[in-house]
Amino acid sequence: MYQLASTVGKTIDIIKDLASEDVMNLEEHAKNVSLFIKDVSRMKIVNESFLSYEDSIKKFTNKEVTYNELSKIINPSILNYLTSFRSFLDHWDTHLKRVYGEESEFYQKFKEGTAVEYDTYFSYRFIYELRNYTLHIDMPLSSLAGKLNDNDTISVEIMVNRDKLLNTYKWPKKVKLVEMPLDFDINKHITQSFQCLERIHRVALNLGDISKEYNSAIFLNNIRNENPGSSSFGLVEYEGTTVETYKPKKIIPLPIREASEIMKMIQ
């Protein structure tokens with residue numbers, strides 16, 4: 001037997017008894033919301049690593065760290081971003097193949113989305129391959145320089161040497177690294193590659209049934225609207241058929257807060 005309940009700390013307040021069909025309906029909506037939130041969170045790690053990289057530079061331009069301190073943290077920051085960049089792509093690729101199959105229309109649309117970014121943006125191609133370079137060869141930086149601009153603001157140049165990269169690693173011709181200047185700043189390419197991932201992420205999310213996920217979010221969010229003041233909600237499985245024998249067996253948390261997040265994202 002199941003009941004819908006609100007929970008505040010260790011206090012459980014029963015809202016209502018649930019019939020079997022109510023439980024199945026509630027579990028289906030909870031599953032839809034949880035899976036969508038999991039898909040959304042695939043961007044979280046790469047987003048955090050990108051923000052960490054940006055923060056390293058901002059700390060220097062805001063004079064919170066010295067040049068020597070920046071030179072110590074910039075390589076790990078770049079490496080973390082490169083690793084998360086490829087992990088993000090690999091995780092989406094594996095997930096979609098498992099769910100839909102490698103020959104499915106859904107998976108092919110995802111591959112088309114990544115191909116568009118690869119073919120259109122040098123930044124994407126370069127960062128994609130730079131991860132392999134750092135994994136097998138070396139860190140790419142040739143120089144790091146702080147510059148004082150005309151308006152007395154500080155900027156950072158994170159330079160790599162084209163010929164060093166070409167001479168120590170077999171770059172795919174499609175990357176077109178050979179067409180780049182001898183020395184170039186990779187900062188803008190890291191930023192643009194992140195924007196490419198954001199577009200790929202939207203493509204992947206839209207492969208699912210957004211209307212189904214949104215309807216499930218509305219369904220769960222209505223539980224909160226009908227029971228204001230409660231911090232969280234759960235599905236209580238219990239033993240016993242009378243008040244005297246009633247005993248909660250376990251509480252299955254419901255993703256009500258996550259449902260609210262989905263509604264904000266999709267609206």
Side-chain angles (χ1 to χ4, degrees), residues 39-58 74-97 102 105-145 147 155-207:
D39 286 344
V40 170
S41 68
R42 295 181 199 282
M43 193 70 187
K44 183 178 180 180
I45 294 177
V46 70
N47 183 66
E48 289 177 350
S49 65
F50 176 71
L51 292 177
S52 177
Y53 163 78
E54 280 197 323
D55 187 57
S56 300
I57 297 173
K58 286 178 181 177
I74 197 65
N75 271 327
S77 294
I78 292 174
L79 183 59
N80 285 339
Y81 174 70
L82 295 176
T83 301
S84 66
F85 181 95
R86 285 296 298 270
S87 295
F88 166 82
L89 294 169
D90 291 343
H91 291 171
W92 260 123
D93 188 278
T94 299
H95 170 70
L96 293 172
K97 276 195 289 192
E102 195 166 351
E105 178 184 358
F106 298 102
Y107 180 71
Q108 294 307 314
K109 285 183 178 179
F110 171 75
K111 298 303 288 184
E112 289 170 7
T114 59
V116 167
E117 302 299 329
Y118 191 95
D119 294 341
T120 306
Y121 298 98
F122 167 80
S123 299
Y124 181 89
R125 300 192 298 270
F126 176 65
I127 295 300
Y128 185 92
E129 288 297 332
L130 192 63
R131 181 264 184 184
N132 290 340
Y133 180 90
T134 59
L135 182 64
H136 300 293
I137 308 298
D138 196 5
M139 290 304 297
L141 260 63
S142 60
S143 67
L144 177 67
K147 294 179 62 179
S155 63
V156 177
E157 286 186 342
I158 305 171
M159 306 300 288
V160 296
N161 182 272
R162 177 200 64 203
D163 288 352
K164 175 191 173 183
L165 297 177
L166 288 171
N167 293 334
T168 52
Y169 178 72
K170 188 175 181 180
W171 292 78
K173 290 183 179 180
K174 286 184 176 181
V175 175
K176 298 181 181 180
L177 177 59
V178 70
E179 298 179 10
M180 295 299 291
L182 178 60
D183 294 290
F184 62 95
D185 188 351
I186 67 169
N187 184 40
K188 67 178 182 179
H189 297 296
I190 290 177
T191 299
Q192 190 170 75
S193 70
F194 179 73
Q195 294 168 352
C196 292
L197 290 192
E198 289 182 312
R199 288 190 290 271
I200 290 171
H201 189 54
R202 287 194 290 271
V203 168
L205 288 177
N206 285 323
L207 293 175

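Positions are given from 1, in the same order as the sequence printed here. It should be emphasised that the depicted structure is a prediction, and the values quoted were computed from it without experimental measurement.
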Self-check item: Those residues that, when tested against Q192, pass side-chain hydrogen bond (donor to acceptor under 3.5 Å, both in side chains) (two or more places apart)
Solution: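 Only S123 meet the side-chain hydrogen bond (donor to acceptor under 3.5 Å, both in side chains) criterion with Q192.
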Practice problem: Identify, with sequence neighbours excluded, every residue that meets side-chain hydrogen bond (donor to acceptor under 3.5 Å, both in side chains) alongside N161. | Solution: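 Checked N161 against side-chain hydrogen bond (donor to acceptor under 3.5 Å, both in side chains); matches are D183.
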[X] versus [Y]: any side-chain heavy-atom pair under 4.5 Å?
{"X": "I158", "Y": "I78", "result": "yes"}
{"X": "I186", "Y": "I127", "result": "no"}
{"X": "I74", "Y": "I57", "result": "yes"}
{"X": "L79", "Y": "T83", "result": "yes"}
{"X": "E54", "Y": "L51", "result": "yes"}
{"X": "I45", "Y": "S87", "result": "no"}

Might you point out which heavy atoms bring [X] and [Y] nearest each other, and give the distance in Å?
{"X": "F110", "Y": "V203", "result": "CA-CG1, 4.4 Å"}
{"X": "K164", "Y": "D138", "result": "NZ-OD2, 3.9 Å"}
{"X": "Y53", "Y": "N187", "result": "OH-OD1, 2.5 Å"}

Quick check for you: to the nearest 0.5 Å, what is the distance between [X] atom [atom1] and [Y] atom [atom2]?
{"X": "H136", "Y": "T134", "atom1": "NE2", "atom2": "OG1", "value": "8.5 Å"}
{"X": "C196", "Y": "H201", "atom1": "SG", "atom2": "NE2", "value": "15.0 Å"}
{"X": "S155", "Y": "D185", "atom1": "OG", "atom2": "CG", "value": "8.5 Å"}
{"X": "R86", "Y": "L130", "atom1": "CZ", "atom2": "CG", "value": "11.0 Å"}
{"X": "R162", "Y": "S142", "atom1": "CZ", "atom2": "OG", "value": "12.0 Å"}
{"X": "I200", "Y": "L205", "atom1": "CD1", "atom2": "CG", "value": "12.0 Å"}

Practice problem: Could you list the residues that satisfy ring-ring contact (aromatic ring centres under 6.0 Å, His included) with H95, not counting sequence neighbours? | Solution: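 For H95, the residues satisfying ring-ring contact (aromatic ring centres under 6.0 Å, His included) (neighbours in sequence not counted) are W92.
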Exercise. Verify ring-ring contact (aromatic ring centres under 6.0 Å, His included) between Y124 and F85, making sure each step is shown before the conclusion.
Key: CA-CA 10 Å; Y124 181 89; F85 181 95; 5.5 Å; yes
Taking the side chain from [X] and the backbone from [Y], do they hold a donor-acceptor pair closer than 3.5 Å?
{"X": "Q108", "Y": "E102", "value": "yes"}
{"X": "S193", "Y": "H189", "value": "yes"}
{"X": "N167", "Y": "D163", "value": "yes"}

Self-check item: Check against side chain to side chain contact (heavy atoms under 4.5 Å, CB included), Q195 and Y121
Solution: CA-CA 10 Å; Q195 294 168 352; Y121 298 98; over 6 Å; no
Quiz item: For the residue pair F50 and F194, does the interplanar ring angle fall in the parallel (under 30°), tilted (30 to 60°) or perpendicular (over 60°) class?
Solution: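 Ring orientation of F50 relative to F194: parallel.
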Quiz item: How would you list, by chain and number, every residue that makes a salt bridge (charged side-chain N to carboxylate O under 4.0 Å, His left out) with R42, sequence neighbours excluded?
Solution: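 Applying salt bridge (charged side-chain N to carboxylate O under 4.0 Å, His left out) to R42 gives D39.
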Quiz item: What pairs meet the salt bridge (Lys or Arg N to Asp or Glu O under 4.0 Å) rule with one or both residues in residues 109-124, with sequence neighbours excluded?
Solution: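 Pairs touching residues 109-124 that pass the test: D93-K111, E105-K109, E117-R199.
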Exercise. Mark yes when over 12 heavy atoms from residues, nucleotides or ligands other than Y107 sit less than 6.0 Å from its OH; otherwise mark no.
Key: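 Result for OH/Y107: enclosed.
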Using residues 169-180 as the side-chain source, report each donor-acceptor pair under 3.5 Å to any protein atom, sequence neighbours left out, with the distance given to one decimal.
unit_1, atom_1, unit_2, atom_2, d
Y169, OH, E129, OE1, 3.1
W171, NE1, L165, O, 2.8

Quiz item: Is the ring centre of F126 less than 6.0 Å from the ring centre of Y133?
Solution: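 No; Y133 has its ring centre 6.0 Å or more from that of F126.
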